[in-house]
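A short worksheet on the structure shown next.
Here the structure is a predicted model, which means the values were calculated and not measured. For this chain, numbers begin at 1 and follow the sequence in order.
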Amino acid sequence: SPGFTTISDAGCVLVDALAAEMAARMLHSTRGRGLQPADLADLAWALHVCGHRSPQVTSLAEAVAAEVFFQISDRHSLKAPFTAPEVIKVVVALSQLGIKSKPVGAALDAVAGHVVKRLRIRHVSAIDKPDDILTLLAAYADAEHFSVVVPELVAATAGQLISYVAHHHHWVCTSGDNVPEA
């Protein structure tokens, strides 16, 4: 081995080399690189779970975030829309990477707006399950991302949770008789 003391050292060098190459390709090519939402979600997740942090990994995470922003923000995109699991995967991965940068912040804002819009129109791919909503909100808290879009996200998801409880558990108070005494 060329001076590596552990397999982990060699793995970090490999991750850095791959991350640098992929980031360069993503940043220097035109939009529509062929990366679908599932690819972006998997790539973000892989960066998170590999457990290695470096400038190269940060550059690739920012490139992924920029592409997520572009695809979610581009109303005329021919890309398939992000599914709820893909959205959650991207947000959790970006939050766990701990990168505080403009591309990551812009992606988190775009995702929040996307989630709010889908909830409001009751889109079939809206994030509407309580566990998914809580995972998403926890990821925004972990990312310490508190932009102007986040209160709207909290309000929309809170409304969805209330609707879920009311619909699935028939737990709606219709009169004062159903309200517990203080």
Side-chain angles (χ1 to χ4, degrees), residues 35-51 60-182:
L35 290 175
Q36 297 297 317
D39 301 325
L40 293 167
D42 289 344
L43 185 52
W45 193 256
L47 292 174
H48 157 57
V49 298
C50 83
L60 181 53
E62 288 175 340
V64 168
E67 185 63 19
V68 167
F69 170 81
F70 177 76
Q71 288 190 22
I72 286 181
S73 300
D74 184 8
R75 293 188 177 120
H76 305 292
S77 175
L78 298 176
K79 302 277 185 211
F82 282 79
T83 64
E86 291 163 352
V87 167
I88 293 166
K89 201 178 212 184
V90 166
V91 173
V92 169
L94 291 176
S95 74
Q96 294 301 309
L97 286 167
I99 300 167
K100 310 276 190 250
S101 68
K102 187 175 181 179
V104 171
L108 292 174
D109 282 349
V111 168
H114 176 75
V115 169
V116 168
K117 184 172 100 175
R118 282 192 172 179
L119 281 170
R120 285 186 178 152
I121 64 171
R122 301 179 197 274
H123 191 277
V124 68
S125 294
I127 296 175
D128 58 359
K129 295 182 183 107
D131 288 345
D132 292 344
I133 290 171
L134 296 175
T135 299
L136 184 74
L137 293 177
Y140 274 88
D142 290 344
E144 297 177 355
H145 187 76
F146 305 113
S147 74
V148 297
V149 180
V150 174
E152 192 175 2
L153 175 65
V154 170
T157 54
Q160 178 59 35
L161 289 172
I162 291 167
S163 294
Y164 181 88
V165 169
H167 180 75
H168 288 85
H169 299 288
H170 308 289
W171 192 61
V172 179
C173 294
T174 55
S175 71
D177 295 339
N178 295 336
V179 178
E181 292 188 29

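Annotation: side chain of Ser95 is not in contact with side chain of His145 (no heavy-atom distance under 4.5 Å). Arg118 has its side chain out of reach of Ile127: every pair of non-hydrogen atoms, C-beta onward, lies at least 4.5 Å apart. Side-chain contact between His123 and Lys117 is absent, with no heavy atoms from C-beta onward closer than 4.5 Å. Counting heavy atoms from C-beta outward, Glu152 and Arg120 have side chains that approach closer than 4.5 Å. At least one side-chain heavy atom of Leu108 sits under 4.5 Å from a side-chain heavy atom of Val104. A 4.5 Å side-chain heavy-atom check between Phe69 and Asp109 finds every atom pair outside the cut-off. Annotation: side chain of Val154 is in contact with side chain of Leu137 (closest heavy-atom distance under 4.5 Å). With contacts defined as side-chain heavy-atom distances shorter than 4.5 Å, the pair Val149/Tyr140 does not qualify.
Rounding to the nearest 0.5 Å places CG of Asp74 at 11.5 Å from CD1 of Ile72.
Asp42 contributes no side-chain N or O that, together with a main-chain N or O of Asp39, makes up a donor-acceptor pair within less than 3.5 Å. Listed for the Gln71 side chain is a donor-acceptor partner under 3.5 Å among the backbone atoms of Leu35. Side-chain N or O atoms of Ser73 include none that pairs as donor or acceptor with a backbone N or O of Phe70 at under 3.5 Å.
Minimum interatomic distance between Ala44 and Val64 (heavy atoms only, all atoms of both residues): CB-CG1, 4.1 Å. Across every non-hydrogen atom of Ala107 and Leu94, the tightest pair is CB-CD1, 4.4 Å. When every heavy atom of Glu86 is checked against every heavy atom of Ala38, the shortest pair comes out as OE2-CB, 3.2 Å.
No salt bridge links Arg122 with Asp128; every basic N to acidic carboxylate O contact stays at or beyond 4.0 Å.
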